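Report on one structure; see the data block that follows.
This is a predicted model, so every value here is computed, not measured. Reckoned from all heavy atoms, side chains included, excluding hydrogens, waters and symmetry mates.
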Amino acid sequence: MQKGKKALKPTTKSNLITYGMLIAAFIVVSIICATNDKMYQFKGMLVPLCIYSIMAVSLNLVVGILGDLSLGHAGFMCIGAYVGAFFSVLLKDNIPLDWLRFVISLVLGGVTAGIFGFLIGIPVLRLRGDYLAIVTLAFGEIIKNIVNLLYVGVDGSGLHVSIKSASDLNLAEDGTVIVKGALGITGTPNDSNFTVGFVLLLITVFVSLNLINSRTGRAVKSIRDNRIAAETVGISVTRYKLIVFMISAFFAGVAGVLYSHNLSSLNTSIFGYNTSILVLVYVVLGGIGSTRGSIIAAVILYALPEMLRDLRDYRMLIYAVVLILLMIVNNNEKFNLFKEKISITRFIQNRRNGMKGAKS
């Protein structure tokens with residue numbers, strides 16, 4: 001007798017639906033852009049939509065999966081943006097291949113943001129709740145203010161750094177000022193486009209979903225649901241928190257590089273606490289812990305005000321109705337969270353049984 005086909009796991013099916021939705025959206029948008037050359041406003045929103053979707057998915061790892069409230073996500077985005085832009089401007093003439101220079105910028109920006117995530121996470125992740133939110137918010141503002149003070153130039157003798165003015169750099173005649181304090185960086189190559197943004201978003205979603213459904217992800221969820229129970233079965237809380245925080249910071253840095261290469265000039269005005277709170281709104285209204293919901297909320301809530309600019313009298317009313325509808329839809333996620341908690345309880349129980357077996 002022939003055995004029937006093995007059914008897909010619910011998590012695998014959900015992941016495939018998410019990938020399918022992203023690919024379908026990319027195909028539809030590409031067709032629209034190819035067949036209509038006059039949709040300048042629509043085309044201008046595509047890269048920012050990818051940027052904020054990456055930010056929402058990465059922050060969802062900390063807020064939704066780890067269960068910690070972080071308000072410094074814009075700080076990691078700022079680090080990635082400035083590191084990537086600085087590298088591209090510095091080596092614009094030395095690396096003629098645009099795509100190679102851009103890829104290196106993405107890696108450098110993401111890794112630098114991840115390193116800062118590790119350094120900040122060691123002392124900060126011992127805090128919880130409002131204390132963690134306040135400290136991460138302060139971190140984002142400190143990063144923004146430090147970058148506003150920096151003047152960085154380069155000449156034949158190397159790099160020169162000052163926190164006073166560009167004249168204090170003492171550059172040679174062939175020197176160039178790259179970072180100009182509050183004026184930021186100008187002349188960044190415009191290497192970002194919708195295709196690159198979509199690929200980076202797809203990579204972010206792939207890493208996020210695989211992390212959530214892995215053994216590490218189950219350990220992180222157990223910390224979120226019951227920290228004490230997780231510690232009693234031997235789960236290292238600090239280690240897993242740092243892993244999630246570093247990955248989240250890395251992709252925030254990647255989003256920052258994508259942002260900096262979408263504009264010819266870069267300054268810190270976009271990297272304030274308002275951006276961190278805006279991304280947090282995307283995560284919350286998309287459904288805390290839902291990767292797919294974070295993307296949908298980011299797309300809708302970013303694009304809606306732009307699309308409704310002609311309806312000045314009714315724009316905020318429509319925006320408020322959409323927010324209410326999103327909150328109503330999120331109430332249906334309670335049953336899914338209940339099922340997820342059951343799976344976490346089983347994970348902790350299996351871990352405890354394994355430890356008992358090893359002792360015996």
Side-chain angles (χ1 to χ4, degrees), residues 51 72-124 136-192 196 246 249-273 275-276:
I51 293 170
H73 217 50
F76 298 118
M77 183 183 180
C78 178
I79 293 172
Y82 268 81
V83 170
F86 179 82
F87 176 81
S88 293
V89 174
L90 180 64
L91 299 179
K92 184 187 297 185
D93 298 328
N94 297 330
I95 302 179
L97 296 176
D98 294 341
W99 66 268
L100 179 60
R101 184 182 61 240
F102 185 47
V103 170
I104 297 175
S105 299
L106 287 170
V107 174
L108 285 177
V111 170
T112 305
I115 292 173
F116 271 86
F118 175 78
L119 296 176
I120 298 298
I122 292 176
V124 165
T136 52
L137 178 62
F139 159 74
E141 291 301 302
I142 290 171
I143 290 294
K144 175 185 173 182
N145 291 324
I146 289 176
V147 171
N148 271 336
L149 295 174
L150 282 179
Y151 292 87
V152 182
V154 61
D155 58 13
S157 61
L159 292 175
H160 299 260
V161 182
S162 174
I163 59 173
K164 294 181 180 180
S165 65
S167 59
D168 291 332
L169 294 174
N170 297 322
L171 296 175
E173 293 182 358
D174 61 340
T176 303
V177 180
I178 299 178
V179 182
K180 306 172 184 177
L183 297 178
I185 300 176
T186 58
T188 308
N190 294 327
D191 296 326
S192 296
V196 174
M246 287 176 60
F250 172 83
F251 284 110
V254 169
V257 177
L258 188 64
Y259 174 83
S260 65
H261 286 72
N262 190 45
L263 303 171
S264 58
S265 62
L266 175 68
N267 56 61
T268 59
S269 60
I270 189 64
F271 304 118
Y273 65 89
T275 299
S276 295

- Note on the structure: Interatomic distance, OG1@T112 vs CD1@I79, rounded to 0.5 Å, equals 8.0 Å
- Heavy atoms from other residues, nucleotides or ligands near CZ of F116 exceed 12 (cutoff 6.0 Å): no
- Query: Can you name the one residue among S105, S88, S192 that meets side-chain contact (heavy atoms from CB on, under 4.5 Å) with V257?
  - Reply: S105
- Might you point out which heavy atoms bring T188 and S260 nearest each other, and give the distance in Å? CG2-O, 3.5 Å
- Item | Separation of N148 CG from I163 CD1 (nearest 0.5 Å) | 13.0 Å
- Closest approach of S276 and G72, non-hydrogen atoms and distance? OG-C, 3.9 Å
- Between CD on residue E141 and CD1 on residue I143, distance to nearest 0.5 Å: 10.5 Å
- Set of salt bridge (Lys or Arg N to Asp or Glu O under 4.0 Å) partners for D168, sequence neighbours left out: none
- Task: Verify the distance criterion only: is there a donor paired with an acceptor across the side chains of N170 and H160 at less than 3.5 Å?
- Result: no
- Roughly how far, to the nearest 0.5 Å, is CG of L150 from CG of N145? 11.0 Å
- Message: Run the side chain to side chain contact (heavy atoms under 4.5 Å, CB included) test on T176 and D155 for me, step by step, so that the C-alpha distance in whole Å, both residues' side-chain angles and the decisive distance to 0.1 Å come before the verdict.
- Response: CA-CA 6 Å; T176 303; D155 58 13; over 6 Å; no
- Task: Could you please spell out the steps behind the side chain to side chain contact (heavy atoms under 4.5 Å, CB included) verdict for N262 and N190?
- Result: CA-CA 5 Å; N262 190 45; N190 294 327; over 6 Å; no
- Task: Quick one: pull up CZ in F139 and CG in L119 and give me the separation to the nearest 0.5 Å.
- Result: 9.5 Å
- Message: Centre-to-centre under 6.0 Å for F251 and F76, is that the case here?
- Response: no
- Message: Using every non-hydrogen atom in the two residues, find where T275 and A74 come nearest and quote the distance to one decimal.
- Response: CB-CB, 4.0 Å
- Indicate the atoms forming the closest heavy-atom contact of A255 with M77, along with that distance. O-CE, 4.4 Å
- Are F271 and Y259 an aromatic pair by the rule of ring centers under 6.0 Å? yes
- Item | Heavy-atom pair with the smallest gap, counting every atom of L106 and L258 | CD2-N, 4.4 Å
- Task: Would you check, one step at a time, whether the test side chain to side chain contact (heavy atoms under 4.5 Å, CB included) holds for V196 with H261?
- Result: CA-CA 11 Å; V196 174; H261 286 72; over 6 Å; no
- Work out which heavy atom in R101 is nearest to a heavy atom in K92; give both atom names and the distance. NH1-O, 3.6 Å
- Message: Among L266, T268, N267, exactly one meets side-chain contact (heavy atoms from CB on, under 4.5 Å) together with V147. Which residue is that?
- Response: T268
- Are any of the side-chain heavy atoms of I178 and V154 separated by less than 4.5 Å? yes
- Task: Go through Y151 and V179 one step at a time and tell me if the side chain to side chain contact (heavy atoms under 4.5 Å, CB included) criterion holds.
- Result: CA-CA 5 Å; Y151 292 87; V179 182; over 6 Å; no
- Between the CG atom in L97 and the CD1 atom in I104, the distance rounded to the nearest 0.5 Å is 9.5 Å
